[in-house]
Amino acid sequence: MTSFNAFADEYFSLPRTTARATASAVPTKSVESLAFTHALVALAAQLSAVDGTPKKTEYFAFQSLFVAEGETDEAKLRSLFVKHVGGDTSSLQYARQITAITTGQMGLRQEIFARFVRIATADGALNAAEMEWLRAVGHAFELDGDIVRQYIAQCFTGPSTSPYAILGVSEKVDDLQLRAAYMARVHALHPDRFQAAGASQETIAILSQQLAAVNAAYEAASKARQKKSSSVTRFWGKRDKSAEAAA
């Protein structure tokens, strides 16, 4: 992990395999490097715990996104990660520390933020707690607000416009499963309960937009199923009449 800071500039501009090959040549900037490493691990750990108990998928996402293969002691990294899951130091303090270390490297901070978004979605769709955390860290990174909102919005619909993709289910699910998935998404996104908990207006606005998209997706999927069901009924009705006529 200590190699990350030393070649951070090149790391994000090179293919992953090239970056790993470059990792062995590490300049000795111990104090700054350790501070950068410490802050990254702490932020990733606190992000994984912001909505409850951290998931293994979030830890593995952090490991794959920030750690060059073979460049760290796995046991020590896991121990440091676990230590910061319940750490008392504010995430914003670590975020500001990274901002100070990466002065003049806005592109690097944006890439780090993008990777935090991927960690947040490793265990499923974003929730309000994760959105609040990302919004606050993005601000501490001094990222443009529109960029932060774009990263968060992309987590819900992604590149697909399929209503089933928005609802997070396969087209093969039955009507009850579809309804259950829809209600789960409504519960996860409904802004009323988060507004009562003190979520920011920006987060409430994003939740409202995504809830509207989920409602539209469920309506589209339901209408498509009704149309398909009607077509099947008409088809078999015609076959029955033809069979009667032939008899």
Side-chain angles (χ1 to χ4, degrees), residues 1-12 14 16-17 19-24 26-102 105 108-143 148 151-152 155 188:
M1 181 67 182
T2 55
S3 63
F4 182 88
N5 183 59
F7 66 99
D9 293 303
E10 294 81 13
Y11 186 93
F12 290 118
L14 292 173
R16 184 70 170 169
T17 53
R20 285 174 174 165
T22 310
S24 58
V26 181
T28 56
K29 298 171 66 178
S30 58
V31 175
E32 185 175 283
S33 179
L34 286 173
F36 185 83
T37 295
H38 191 87
L40 277 178
V41 177
L43 281 172
Q46 292 183 2
L47 169 58
S48 72
V50 73
D51 60 343
T53 304
K55 310 294 192 304
K56 287 183 179 180
T57 51
E58 293 170 315
Y59 172 76
F60 291 137
F62 155 72
Q63 188 180 36
S64 66
L65 290 167
F66 284 112
V67 184
E69 187 175 353
E71 292 298 317
T72 190
D73 184 310
E74 172 65 21
K76 288 182 178 179
L77 177 64
R78 189 185 299 109
S79 176
L80 184 60
F81 189 92
V82 171
K83 172 185 175 182
H84 285 294
V85 164
D88 295 329
T89 305
S90 167
S91 294
L92 295 183
Q93 183 172 327
Y94 290 118
R96 295 186 189 106
Q97 188 173 342
I98 288 178
T99 300
I101 294 173
T102 58
Q105 301 178 74
L108 175 57
R109 293 202 295 273
Q110 184 173 328
E111 179 61 31
I112 292 172
F113 181 81
R115 295 182 184 216
F116 282 145
V117 172
R118 291 170 65 184
I119 292 173
T121 56
D123 63 338
L126 285 181
N127 55 48
E130 290 168 330
M131 279 192 279
E132 284 284 273
W133 189 96
L134 289 168
R135 184 189 63 80
V137 169
H139 181 73
F141 277 3
E142 300 177 353
L143 299 181
V148 172
Y151 275 118
I152 291 175
C155 295

Mind checking the CG-CD spacing from Leu65 to Gln63? Nearest 0.5 Å is all I need.
10.5 Å
Rounded to the nearest 0.5 Å, how far does NE2 of His84 lie from CG of Leu47?
14.5 Å
Give, for atom CZ of Phe62 and atom CZ of Arg115, the distance between the pair rounded to the nearest 0.5 Å.
11.5 Å
Identified side chain to side chain contact (heavy atoms under 4.5 Å, CB included) partner of Ile98 from the options Val137, Leu108, Leu40
Leu40
Measuring from atom CD1 of Ile152 to atom OG1 of Thr121, what distance do you get when rounded to the nearest 0.5 angstrom?
11.5 Å
Within the structure provided, determine whether Leu77 and Tyr59 are in side-chain contact (heavy-atom separation under 4.5 Å).
yes
By ring-ring contact (aromatic ring centres under 6.0 Å, His included), Phe141 pairs with (sequence neighbours left out) none
Which heavy atom of Gly138 sits nearest to which heavy atom of Val148, and what is that distance?
CA-CG2, 4.0 Å
Show the nearest heavy-atom pair for residues Phe113 and Leu134, with the distance to one decimal.
CE1-O, 3.1 Å
If you measure from CD on Gln110 to OG1 on Thr102, what distance do you get to the nearest 0.5 Å?
12.0 Å
Atom CZ in Arg109, atom CG in Leu143: separation rounded to 0.5 Å?
7.0 Å
Applying salt bridge (Lys or Arg N to Asp or Glu O under 4.0 Å), name anything that partners Lys55, two or more places apart in sequence or on another chain.
Asp123
Heavy-atom pair of closest approach, residues Glu58 and Ser48:
OE1-O, 3.2 Å
Can you label the angle between the Tyr94 ring and the His38 ring as parallel, tilted or perpendicular, going by 30° and 60°?
tilted
Side chain to side chain donor-acceptor pair (under 3.5 Å) involving Gln46 - partner list, sequence neighbours excluded:
Ser91
State, to 0.1 Å, how close Ala140 and Thr99 come at their nearest heavy-atom pair, and which atoms those are.
O-OG1, 2.9 Å
Which atoms form the tightest heavy-atom contact between Ala44 and Phe116, and what is the distance?
N-CE2, 3.9 Å
